[in-house]
Amino acid sequence: MLMSNNLIMLFVMWFLTSLSLHKLLVYYPERSQAVIAAKQKFAVSRIGDIALIGAIFLTYKNFGTFEFDDLFKWIEKITLKYLESNQIEIIGFLFVLGSMTKSAQFPFHFWLPETMETPAPISALMHAGIINAGGFLIIRLSLMLQHAEWAHFTLTIVGAITGAFGAIVMITQNNINKKLAYSTISQMGLMMFTCGLGAYSIALFHIIAHSLYKAYSFLSTGYLVEESKKIKSFPFRQTGLIFILFYLIGLTLVWGGSFFSEGQYTIQLTYLAILFLGLAQNIRISQRRLNTEDLIFLILVLLNFLLSI
């Protein structure tokens, strides 16, 4: 797929990577959850394939070539006729839709956490490799897509939502596999966001950085699992405090959106809500009082909030 010099070869390799991943997901058919995840991934991938086929068809209809070199030469000489006909916008949006399904962007993100049911080598291959295909597609076609303003706008909005959503959900997960999955979703959102801004070189750097970061994450999970076994189970008496913390999260968001109509404290209160999420995940109670570490963490949360103001 990386060495493809035309759209047909790119699509064939795109499809074969999806098919290969599907075969790996159902390698152990007795794992029912893995089979369900494979079916979800299959459905989302077909949506992306249809969008990609539509984009390739319209590209050939308008420019008469599948070759990247010839296509980019045409783009350099593009006339206002193509821009005013919105053909570039439609082509760009279809390519963006295909990349969103491949890179688990909202609202197509749900398949990635479910595929963590597969063995770790398959998950690692997916998180540090195949998941980057959507970003690669946008970067590879950047010379053509730079004329599609609405496609870039879509990438920016979807990438921002996915990046923030994935990061917030990640810090609320107790399952290490789900943490890895939502971390990847967030990172892919940031990559798409930079593509939407037209910063393709930064997006390419992000792909490399994410691969290294995710490799480290997978290699270190064994140690984290061993450490988690040393921690006592979540005590029932903590649920009241956790409920209060989540109530404060909702309250701060309501304050930020309603009572401060001018919006001068909205960002700070949203930031405080995210800090409360971290506190809810890290707090521990010993007997009937907080541990020293919990008190320090609580002080740091409040200090961060005061400094942000």
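For F11 and W14, the distance between ring centers is not under 6.0 angstrom.
A continuous path of ILVMFWY side-chain contacts below 4.5 Å connects V158 to V44, so both sit in one hydrophobic cluster. Hydrophobic clustering of Ile, Leu, Val, Met, Phe, Trp and Tyr side chains at less than 4.5 Å, counting indirect connections, keeps I168 apart from I157. W150 and M192 end up in different hydrophobic clusters when Ile, Leu, Val, Met, Phe, Trp and Tyr side chains are linked at under 4.5 Å. Placement of L143 and M1 within a single hydrophobic cluster is found when ILVMFWY residues are connected by side-chain heavy-atom separations under 4.5 Å, directly or transitively. If you chain together hydrophobic residues whose side chains sit under 4.5 Å apart, L24 and V35 never meet in one group.
Side-chain contact between V169 and P113 is absent, with no heavy atoms from C-beta onward closer than 4.5 Å. Counting only heavy atoms from C-beta outward, the side chains of S103 and M191 approach each other to under 4.5 Å. Between R140 and L2 the shortest side-chain heavy-atom distance does not fall below 4.5 Å. Looking only at side-chain heavy atoms (C-beta outward), F95 and L137 come within less than 4.5 Å of each other. Proximity of Q87 to L58: side-chain heavy atoms (C-beta onward) are separated by under 4.5 Å at one or more points. The shortest side-chain heavy-atom distance between F68 and L7 falls under the 4.5 Å cut-off. Taking 4.5 Å as the limit, some side-chain heavy atom of K214 sits within range of a side-chain heavy atom of T184. No side-chain heavy atom of L10 sits under 4.5 Å from any side-chain heavy atom of I56.
When all heavy atoms are compared, the tightest approach of M170 to S183 is SD-CB, 3.4 Å. Closest non-hydrogen pair, W111 versus F108, comes out as CD1-O, 2.8 Å. Residues S211 and N132 approach most closely at OG-ND2, 3.7 Å, considering heavy atoms. Heavy-atom minimum distance, L94 versus G54: CD1-C, 3.7 Å. Across L112 and A181, no two heavy atoms sit closer than the pair CD2-O, 3.7 Å. Residues E89 and A151 approach most closely at OE1-N, 3.6 Å, considering heavy atoms.
A distance of 9.0 Å separates CZ in R31 from CD in Q33, rounded to the nearest 0.5 Å. Rounding to the nearest 0.5 Å gives a distance of 11.0 Å between CZ of F63 and CZ of F72. Taking CG from N62 and CG from L71, the interatomic distance works out to 10.5 Å, rounded to the nearest 0.5 Å. Note: K73 NZ to T65 OG1 = 10.0 Å, rounded to the nearest 0.5 Å. For the atom pair NE2 of H22 and CG of L16, the computed distance is 14.0 Å after rounding to the nearest 0.5 Å. Taking CD1 of I91 as the start and CZ of F57 as the end, the distance is 10.5 Å to the nearest 0.5 Å.
Heavy atoms of other residues, nucleotides or ligands lying less than 6.0 angstrom from CD of E67 number more than 12. Counting non-hydrogen atoms of other residues, nucleotides and ligands closer than 6.0 Å to CZ of F136 gives a total above 12.
Remark: L21 pairs with L25, K41, I122, M126, I130 by the side-chain contact (heavy atoms from CB on, under 4.5 Å) rule, at least two apart or across chains. Judged as a side-chain contact (heavy atoms from CB on, under 4.5 Å), and not counting sequence neighbours, the contacts of R46 are F15, S18, F42, D49.
Residues S45 and K102 have side chains that never bring a donor and an acceptor to within less than 3.5 angstrom of each other.
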Got a list of side-chain donor-acceptor pairs under 3.5 Å for residues 196-209, not counting sequence neighbours?
unit_1: Y200; atom_1: OH; unit_2: H152; atom_2: NE2; d: 2.4
unit_1: H206; atom_1: NE2; unit_2: Q187; atom_2: O; d: 3.4
unit_1: H206; atom_1: NE2; unit_2: Q187; atom_2: OE1; d: 2.9

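A tilted orientation is assigned to the rings of H109 and Y182, their planes being inclined by 30° to 60°.
Between the side chain of S186 and the backbone N or O of G166, no donor-acceptor pair lies under 3.5 Å.
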